[in-house]
Chemist: 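The structure is given below, and queries will be raised subsequently.
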Amino acid sequence: MKSKEDVIKDMQEVIYQMKVDDIEENPDSEFEMFDCSACAKEKPLAGSIQYSKYRLCNDCVLLYELALKLGKVQNIDEFLLKTEDNRLQTMIDFIKKDELKEKN
């Protein structure tokens with residue numbers, strides 16, 4: 001049986017390869033951006049995956065797939081619920097930066 005570390009390492013390689021494959025198939029995907037449903041950050045389309053009505057960036061795909069594999073979540077809705085604090089913090093940081101720009 002694989003250790004938790006081996007599972008993580010294997011998953012990292014698979015998820016990273018998805019991004020590389022997307023870029024090889026469509027080089028523009030590295031520069032086409034979207035707002036990730038999990039982290040709320042603007043991320044490249046390359047390596048992202050659509051899960052029902054949510055699109056996750058490559059980094060969040062890794063986190064979600066690991067959470068599934070390790071039994072931490074059962075589905076995408078549960079994952080998004082668990083990552084809600086991170087999304088809110090990202091939005092707060094964006095608003096603060098925007099306010100600072102307006103003051104300068």
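Index from 1, following the sequence.
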Chemist: Could I get the full list of side-chain hydrogen bond (donor to acceptor under 3.5 Å, both in side chains) partners for Asp6, not counting sequence neighbours?
Modeler: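 Listed in chain order: Ser3.
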
Chemist: Among all residues two or more places apart in sequence or in another chain, which pass the side chain to side chain contact (heavy atoms under 4.5 Å, CB included) test with Ile92?
Modeler: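 Listed in chain order: Gln89, Lys96.
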
Chemist: Under the side chain to side chain contact (heavy atoms under 4.5 Å, CB included) rule, collect the residues that match up with Val20, sequence neighbours excluded.
Modeler: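 Result, side chain to side chain contact (heavy atoms under 4.5 Å, CB included) vs Val20: Tyr16, Gln17, Glu24.
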
Chemist: Kindly say whether Lys41 contributes a backbone atom to a donor-acceptor pair with the side chain of Thr90 at under 3.5 angstrom?
Modeler: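 Such a contact is absent between Thr90 side chain and Lys41 backbone.
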
Chemist: Nearest 0.5 Å, what's the CG-CD distance between Asp59 and Gln12?
Modeler: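 Result: 10.5 Å between the selected atoms.
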
Chemist: What verdict does the side-chain contact (heavy atoms from CB on, under 4.5 Å) test give for Ser37 and Leu56, after you've listed the backbone C-alpha separation in whole Å, the side-chain angles of each residue and the deciding distance to 0.1 Å?
Modeler: CA-CA 6 Å; Ser37 296; Leu56 303 187; 4.2 Å; yes

Chemist: I would like to know whether Glu42 and Phe34 meet side-chain contact (heavy atoms from CB on, under 4.5 Å); could you show each step before the answer?
Modeler: CA-CA 5 Å; Glu42 188 177 41; Phe34 76 102; over 6 Å; no

Chemist: Going by the rule side chain to side chain contact (heavy atoms under 4.5 Å, CB included), which residues pair with Ala46 if we only count those two or more places apart in sequence or in a different chain?
Modeler: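 Testing Ala46 for side chain to side chain contact (heavy atoms under 4.5 Å, CB included), a comparison that skips the adjacent residues, returns Lys19, Asp22, Ile23, Ser29.
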
Chemist: For Leu66 and Leu62, run side-chain contact (heavy atoms from CB on, under 4.5 Å): C-alpha distance rounded to whole Å, both residues' side-chain angles, the deciding distance at 0.1 Å, then the answer.
Modeler: CA-CA 6 Å; Leu66 282 172; Leu62 175 61; 3.8 Å; yes

Chemist: Side chains of Arg87 and Cys39: closer than 4.5 Å at any heavy-atom pair?
Modeler: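 Contact flag for Arg87/Cys39 side chains = no.
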
Chemist: Measure the CG-OG1 distance between Leu88 and Thr83 for me, rounded to the nearest 0.5 Å.
Modeler: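 Separation between the atoms: 9.5 Å.
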
Chemist: Could you pull out all residues at least two apart from Glu13 that satisfy salt bridge (charged side-chain N to carboxylate O under 4.0 Å, His left out)?
Modeler: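 Only Lys9 meet the salt bridge (charged side-chain N to carboxylate O under 4.0 Å, His left out) criterion with Glu13.
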
Chemist: Set out, in order, the CA-CA distance, both residues' side-chain angles and the distance that settles side-chain contact (heavy atoms from CB on, under 4.5 Å) for Glu32 and Asn26, then state yes or no.
Modeler: CA-CA 10 Å; Glu32 293 173 20; Asn26 177 9; 4.0 Å; yes

Chemist: State the CE-OG distance between Met33 and Ser48, to the nearest 0.5 angstrom.
Modeler: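 One finds 11.0 Å between CE of Met33 and OG of Ser48.
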
Chemist: Rounded to the nearest 0.5 Å, how far does SG of Cys57 lie from CD1 of Ile49?
Modeler: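 Here the rounded value is 11.0 Å.
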
Chemist: Find the distance between CG (Asn58) and NZ (Lys43) and round it off to the nearest 0.5 Å.
Modeler: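 With rounding to 0.5 Å, CG (Asn58) is 8.0 Å from NZ (Lys43).
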
Chemist: Can you tell me how the ring of Tyr64 sits relative to the ring of Phe79, calling it parallel under 30°, perpendicular over 60° and tilted otherwise?
Modeler: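 Tyr64 vs Phe79 ring planes: tilted.
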
Chemist: Measure the spacing between OH of Tyr51 and CG of Leu68 and express it to the nearest 0.5 Å.
Modeler: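 One finds 7.5 Å between OH of Tyr51 and CG of Leu68.
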
Chemist: Throw together a table of side-chain donor-acceptor distances under 3.5 angstrom for residues 71-78, partners on residues two or more places apart or in other chains.
Modeler:
from  : atom 1 : to    : atom 2 : distance (Å)
Asn75 : OD1    : Asp77 : N      : 3.1
Asn75 : OD1    : Glu78 : N      : 2.8
Asp77 : OD1    : Tyr54 : OH     : 3.2
Glu78 : OE1    : Gln74 : N      : 3.0

Chemist: Kindly say whether Ser52 contributes a backbone atom to a donor-acceptor pair with the side chain of Gln50 at under 3.5 angstrom?
Modeler: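 Yes; judged by distance alone, with no hydrogens or angles, the pair exists.
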
Chemist: With a 4.5 Å cut-off on side-chain heavy-atom distances among I, L, V, M, F, W and Y, is there a chain of contacts connecting Leu63 to Val14?
Modeler: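 Looking at the clustering, Val14 is in a separate group from Leu63.
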
